[in-house]
Amino acid sequence: MNDKLNNDVKFLNSISSFLGHSEGQTVEEVKEELERNGINVNLALKRFKDTAKRSSDLSKKKQLDLAREKRLAEKDLFSSIATEVSSFSREMVEAKIMEITNLFGQKLRVSFRDLNGKSMEDLRTLLIDLEISSKEHGNDK
């Protein structure tokens, strides 16, 4: 553990221990006692709030970055699959749909009864959705 982190941990442990013994004291009494022990309460609170805000901001940025990466990956995956599927014949689309549904068995719940009654666009859309779902669940055929 580096020195700064070690000092921060010691400081937090001291504060925690002290606050655990402050039951029955008012906030002002706790502040006065902390200041008597050499702790600048206002500065400590400001630093704590600044650190918490920085951590929160970093966490939010990381979440947004991950969401953006996922969206871009899904867009690329969709484009790739859509391009491939656009050249398939009706028979190929139906065969791929059956292949994927058989691969997943009960895990895949697609409500369609008659592929013959579906338009080619509906079949391609269904296949694209199935392919994306299959890849997201780790089944790269």
Side-chain angles (χ1 to χ4, degrees), residues 1-35 37-141:
M1 200 178 315
N2 68 35
D3 288 341
K4 174 152 178 36
L5 183 58
N6 196 20
N7 288 338
D8 290 347
V9 169
K10 285 180 185 176
F11 173 76
L12 288 174
N13 284 337
S14 297
I15 294 286
S16 176
S17 174
F18 171 79
L19 291 176
H21 299 349
S22 64
E23 191 172 324
Q25 290 180 306
T26 67
V27 172
E28 283 307 313
E29 290 171 334
V30 171
K31 280 183 172 181
E32 288 171 10
E33 191 168 340
L34 285 169
E35 287 178 355
N37 288 314
I39 297 172
N40 181 332
V41 175
N42 291 332
L43 182 60
L45 285 173
K46 182 184 178 329
R47 285 182 181 162
F48 176 77
K49 287 176 183 177
D50 289 348
T51 301
K53 182 173 179 353
R54 264 192 320 276
S55 295
S56 176
D57 290 348
L58 284 172
S59 176
K60 287 176 189 173
K61 183 183 180 325
K62 181 69 173 173
Q63 288 174 344
L64 289 172
D65 289 347
L66 290 173
R68 181 177 181 276
E69 288 173 18
K70 185 176 179 185
R71 270 193 322 275
L72 290 174
E74 288 172 353
K75 180 182 171 195
D76 291 345
L77 178 60
F78 175 84
S79 294
S80 170
I81 293 170
T83 299
E84 180 185 1
V85 168
S86 68
S87 66
F88 287 3
S89 68
R90 182 178 191 91
E91 292 76 27
M92 288 175 67
V93 171
E94 289 176 358
K96 289 292 278 181
I97 289 171
M98 296 315 290
E99 177 185 329
I100 293 171
T101 56
N102 288 335
L103 181 66
F104 278 96
Q106 288 297 331
K107 287 197 282 185
L108 181 62
R109 303 207 192 308
V110 178
S111 70
F112 61 87
R113 289 191 171 62
D114 182 14
L115 295 180
N116 293 326
K118 302 292 182 189
S119 72
M120 189 60 182
E121 186 61 31
D122 289 341
L123 289 175
R124 283 188 177 130
T125 300
L126 175 60
L127 179 56
I128 290 167
D129 291 345
L130 291 172
E131 288 277 8
I132 290 171
S133 179
S134 173
K135 290 187 186 331
E136 286 177 348
H137 290 91
N139 289 312
D140 295 326
K141 301 164 298 323

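Residues take their numbers from the sequence shown, with the count starting at 1.
The salt bridge (Lys or Arg N to Asp or Glu O under 4.0 Å) search around Lys61 returns Asp65, not counting sequence neighbours. Annotation: side chain to side chain contact (heavy atoms under 4.5 Å, CB included) contacts of Glu28 (sequence neighbours excluded): Thr26, Lys31. Take Ser119 and apply the side chain to side chain donor-acceptor pair (under 3.5 Å) test, not counting sequence neighbours, and it matches Asp122. Not counting sequence neighbours, the partners of Leu66 by the side chain to side chain contact (heavy atoms under 4.5 Å, CB included) test are Lys62, Glu69. With sequence neighbours left out, Ser89 forms a side chain to side chain contact (heavy atoms under 4.5 Å, CB included) with Glu91, Met92. Residues that satisfy the side chain to side chain contact (heavy atoms under 4.5 Å, CB included) test with Asn40, not counting sequence neighbours, are Asn42, Leu43.
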Could you pull out all donor-acceptor pairs under 3.5 Å where a side-chain atom in residues 44-53 meets a protein atom, sequence neighbours excluded?
unit_1	atom_1	unit_2	atom_2	d
Lys46	NZ	Asp50	OD2	2.8
Thr51	OG1	Arg47	O	2.9
Thr51	OG1	Arg54	NH2	3.4
Lys53	NZ	Asp57	OD2	2.9

List the atom pairs, with distances to 0.1 Å, where a side-chain N or O of residues 74-83 and a protein N or O form a donor-acceptor pair under 3.5 Å, not counting sequence neighbours.
unit_1	atom_1	unit_2	atom_2	d
Ser79	OG	Lys75	O	3.1
Thr83	OG1	Ser79	O	2.8

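In plain terms, the two heavy atoms of Glu131 and Lys96 that are nearest each other are OE2-CE, 3.3 Å.
With rounding to the nearest 0.5 Å, the separation of CD1 in Ile97 from CG in Leu123 is 5.0 Å. A distance of 9.5 Å separates CZ in Phe88 from CE in Met120, rounded to the nearest 0.5 Å.
At a threshold of 4.5 Å between non-hydrogen side-chain atoms, the residues Leu127 and Ile100 count as touching.
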